[in-house]
Amino acid sequence: MRRVTVAMLMLGFGLAALGLESMHARFSEARHDAARAETARLVRDLGLTDLALFTEARYVRHISQADLFTPFQDAPVSFEHFPSGTLVAPPAHLGRHAGALSARPIERNSP
Amino acid sequence: MIFDPPILALLLAAAVSAVVAIAAALFAVRVLRHWDIRSGSALQIRLERRTYLVTTALKIVMVMQMAALALFVHNADRMAILFTGAMCALGTLNVNQWGMPAFLVQIGVFLTSAVWLLLNRADEMGRDYPFTRAKYAFLLLFAPLVVASAILQWLYFLNLDPNVITSCCSKLFTPEGSGLQADLSAMDPKLALIILFSGAGLLAALALFSSAGRWLHVMLGILGGLYFMLAIAAIISAIAPYIYETPNHHCPFCLLKPQYGFIGYLLYLPLFAATALMLGSGLLAALGAPKSLQQRLPAYQKRLNWSAAVLYLAFAGIALYTILRSHLILIG
Amino acid sequence: MRRWLSRQAHLIDFTLGALLRRKGRNLMMLAVYTLIIFMLASVTFLGSALRFEAKAALNYAPEVTVQNLIMGRHALSPPDWVKKLSRIRGARNIHGRLWGYFYDQAVGANYTLMVPPPRARDLAVNLGEVIIGHAIADLRKVRQGGYLFLLSPSGKLFKLKVIRILPEDSALLSADLVLISETDYRAFFNLTPEDGYTDIALTVRNSNEIPTVVNKITRILPTARVITREDILRTYENVFSWREGIVLAMLATALVAFAIFAFDKASGLSAEERREIGILKAVGWETSDVIAMKLWEGGLISAFAFIFGAAAAYAHVFLFDASLLAPVLKGWAVLYPDFSLTPVVDRLQLITLAFITIIPFTIATLVPVWKAAITDPDIVMR
Amino acid sequence: MIRLEHVTRIHNEGRPNAVVAVNDVSLEIPKERVTVLRGPSGSGKTTLLTLIGCLARPTQGRIWLDDELISALPERFMTEVRRRTFGFIFQRFNLIRGLSALENVMLPAYPTGESHAALKARAAALLERFGLKARMHEKSELLSGGEAQRVAIARALINDPAWIIADEPTASLDTALVDQFIEEMRALKKAGKSIIITSHDPRIWQADVVDRIVTMQDGHILSVEDVSARERAEEKEQNA
């Protein structure tokens with residue numbers, strides 16, 4: 001067999017694997033639906049607002065609820081940051097105007 | 001915002017393109033000053049060799065730019081969730097004043113680069129490289145466009161402010177509003193459809209049978225450019241409502257969303273490609289067939305025209321399909 | 001077209017032959033490149049999957065959360081706020097939430113203590129009872145029906161009967177939850193009812209009215225910060241982009257190093273390779289044929305690395321639960337949710353990845369490839 | 001026919017180490033004949049060969065292939081002409097290592113985009129004609145000298161060129177292989193190919209296939225000798 005044929009077959013095999021994986025993705029989405037419905041119910045019932053992904057400190061545990069100053073004074077044995085603190089960005093609504101209490105968006109006239 | 005991977009990718013592509021375009025423009029100046037195909041001088045040979053590098057680099061840049069255009073729109077669409085008021089790419093583009101210009105210039109880069117590639121192809125057919133000067137003069141126009149595109153994208157992405165409330169497409173594209181978008185949506189759908197279908201048919205027919213006159217051919221290129229704008233207007237005023245099945249939704253960007261089956265890509269792709277082919281063919285006609293290409297150039301142009309005609313018909317066919325499939329009735 | 005394809009096939013065939021001649025070196029290079037893409041893609045996949053989960057789950061978060069701010073820091077909301085807020089038209093289900101953090105010295109983990117709101121009937125807890133998240137149950141080795149002992153910050157020992165353990169399926173949001181009754185909660189943290197609540201959540205029936213409601217809240221309670229569900233969703237959309245961006249920026253250095261390596265490899269042409277290109281050109285290959293052949297070399301390596309790196313990353317993240325990345329995510333946390341992610345592949349991110357991996361490689365090799373390709377064909381006769 | 005008019009080739013033009021390798025050469029090379037360029041090394045014969053074979057462009061002067069001016073073409077088209085017109089046999093054969101004999105033969109036709117099956121069939125047929133059927137898939141570096149020589153000839157023929165150009169083909173060959181080479185050239189000449197060989201190997205220029213010997217020195221042509229005419233004249237003398 002020609003080298004080019006072998007290479008293309010291998011690439012085709014890789015693409016097929018990617019394709020199979022995307023089939024798997026579609027297929028297992030349904031399987032995860034039940035779990036997600038369960039989670040959604042919990043979120044609605046308890047009024048949860050954040051993922052329990054990083055539990056070291058509250059500014060990473062409840063990212064969306066944190067204020068800008070917490071990272072430096074929060075958590076029991078913390079001097080400063082946790083590794084996850086470097087990974088997460090501050091909440092979206094604490095943008096440029098985070099300092100001000102009136103941190104509401106400014107309306108911009110569209111062109 | 002700048003650390004968003006698609007934005008990093010786009011900025012990378014823009015920066016690379018700008019650097020290549022600037023280098024190519026500097027080379028173009030040298031070509032315009034010293035190019036003499038009949039000379040066997042060391043300088044001429046160096047220039048000829050360098051054209052291989054410049055051409056290859058530009059080909060890569062152009063393929064990259066075409067992919068970047070798709071990525072740009074796709075990304076803008078995805079980022080809509082980050083901005084209050086944005087529903088699709090349009091809202092994201094309107095977050096600051098650089099978004100829309102960046103997008104339009106990117107389209108300009110797409111079309112000009114496609115035309116340059118067609119010109120380059122014709123040039124490489126002739127034994128005396130008849131279009132080299134034209135090609136590199138054209139590059140001097142192309143390079144600023146690429147640089148402008150890169151600068152606009154930088155400005156746009158650097159100034160993305162999530163605290164801005166932007167406008168969604170349903171606000172901008174309403175016949176009642178003011179401004180260009182509103183005017184586009186206010187166009188009579190009947191007229192729009194007539195223009196769209198008859199225009200596509202006429203252009204396809206002319207492209208197929210226009211081997212006649214040189215200036216007719218040039219006209220055809222201009223018509224192709226004009227039709228591009230009219231077709232976009234027709235999509236906004238008539239085709240979009242058919243696809244969304246609501247008479248008041250006119251957005252040309254929502255078409256690209258997955259919930260409409262990415263129909264927008266199917267619709268825009270043939271239109272963009274056909275336009276590029278028509279512009280290229282028209283430009284070649286305007287330059288005229290040099291002696292070395294008396295035989296090959298008309299054949300090449302014919303191929304371009306045929307492809308353009310097929311693409312125009314495909315575009316009209318897809319538009320027709322969306323209308324037939326729709327449950328909306330705009331025209332009694 | 002067929003001619004074009006056949007020509008490319010010939011060029012690829014040749015280039016593969018050349019690559020295979022230095023099998024060890026090139027396979028090594030391919031492996032490194034694949035590894036970089038594998039890591040990049042793993043992070044990207046994990047990020048988009050988490051984002052997807054966050055979006056799906058937090059779509060049901062309260063529409064509006066009202067926080068009290070004192071000196072820029074989150075503080076307890078006074079009890080009369082609930083009454084004030086209930087006067088706003090359109091705001092419903094207003095209730096003061098009680099939740100907070102507790103550092104369990106025994107195991108060194110942080111818990112989120114919370115009082116389930118009254119409407120969560122399935123999750124109602126009475127005095128002396130507790131519902132805990134899965135990760136806590138694992139960590140403390142308690143089962144349903146067992147007892148959880150917690151030493152409150154003021155030194156009182158609480159003995160709580162575990163009436164339920166939250167399902168593992170929801171671990172991504174509930175791993176560290178400890179649900180107790182309001183009386184227990186206030187006793188635990190020494191709070192009186194006059195101290196108020198952690199914050200106040202409310203729902204808005206018509207989502208179009210949210211901005212109006214928010215405006216009214218800021219007018220009635222000027223010191224309050226209002227967080228809408230949109231804000232939360234946007235935060236989560238951003239959080240992982242940021243992280244991917246950071247990882248990307250770090251791995252970009254690896255990519256740059258790789259591009260330099262590729263540049264070096266392409267430019268350090270041995271005398272034999274030069275001669276070979278001379279032979280090709282002498283027997284009838286054109287400069288552009290040589291360029292195309294050489295670019296195929298980079299293109300094939302990129303394509304192989306990209307496809308196999310991405311495929312392996314998918315398997316890693318979704319079939320093996322991102323086991324290699326877990327330590328990074330975990331950080332110093334003792335509690336880590338044992339979650340399995342819904343596989344989602346974001347087309348945009350795949351395209352992005354392709355962009356970021358293929359462009360630097362191609363651009364880096366372009367000039368050396370061209371330099372090689374313009375080798376004089378008469379070199380073979382010298 | 002190839003016609004050279006006042007062809008000059010300067011290496012490293014404009015630099016201190018400039019060398020005039022070919023100096024104002026005018027020459028006609030007839031079709032379907034074997035022409036030998038003879039001269040000591042450094043006489044410019046190899047440079048002249050690269051100019052004729054479209055491997056390099058003359059600094060001055062013109063070269064005509066039949067009625068086509070080929071000296072002023074840009075590289076791209078020069079390559080095109082070279083590919084369809086000339087087949088090359090190099091000193092030490094210059095086969096590409098790591099590729100099989102068959103692939104080496106197919107190589108010059110790759111850029112034409114001919115289908116793999118057709119090309120392979122053609123190359124295999126050529127190799128069979130040279131008695132290399134059994135060695136077809138052997139890596140080129142594992143071939144014996146004689147086999148490599150025949151593979152090189154087969155490679156030169158794959159695009160069915162009208163002209164064969166050989167540069168010092170026998171420089172490192174023993175007598176048996178030289179004889180074999182001469183026989184191959186005879187067959188090619190019979191098949192209507194035009195052949196140009198550079199050589200300072202007397203075994204070549206004394207061979208009876210040679211029709212014409214061009215002697216060069218210091219970039220100039222010293223003499224052009226019509227050997228076949230000489231032989232024919234000698235034959236006539238003997239018959240008389």
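Just so it is clear: chains get the letters A, B, ... in the order the sequence lines come, proteins before strands, and each one is counted from 1. Side chains are part of it too, since the values below use all heavy atoms of this structure and drop only hydrogens, waters and symmetry mates.
Using cut-offs of 30° and 60° for the angle between ring planes, the D:Phe90 and D:Phe88 rings count as parallel. Using the six-membered ring where Trp is involved, C:Phe14 and D:Tyr110 have ring planes that are perpendicular, over 60° apart on the 30 and 60° scheme.
Options D:Ala156, D:Pro111, D:Gly87 differ in how many heavy-atom pairs under 4.5 Å they form with chain C, and the most are formed by D:Pro111. Chosen from D:Arg82, D:Glu168, D:His116, the residue pairing most often with chain C at heavy-atom distances under 4.5 Å is D:Arg82. For the options C:His10, C:Glu276, C:Arg21, C:Arg7, heavy-atom pairs under 4.5 Å to chain D are most numerous at C:His10.
For D:Leu119, the part lying near chain C is the side chain, with the backbone staying farther off; criterion is any non-hydrogen pair under 4.5 Å. Proximity to chain D involves both the backbone and the side chain of C:Asp378, based on heavy atoms less than 4.5 angstrom apart. Interface residue D:Leu107: backbone and side-chain heavy atoms are both found under 4.5 Å from chain C. For a residue to count as touching a neighbouring chain, one of its non-hydrogen atoms must lie under 4.5 Å from one of that chain's; by this rule C:Gln8 does not touch chain D. Only the side chain of D:Arg92 comes within contact range of chain C, judged by heavy atoms closer than 4.5 Å.
Contact of the C:Leu11 side chain with the C:Trp285 side chain is registered, since non-hydrogen atoms from C-beta on lie closer than 4.5 Å.
A salt bridge links D:Lys31 with D:Asp66: the closest approach of a Lys/Arg side-chain nitrogen to an acidic carboxylate oxygen falls below 4.0 angstrom. D:Glu80 and D:Arg83 are not joined by a salt bridge, as no carboxylate oxygen comes within less than 4.0 angstrom of a charged side-chain nitrogen.
Using a 3.5 Å distance cut-off with no hydrogens or angles, the side chains of D:Asp167 and D:Thr198 do pair a donor with an acceptor.
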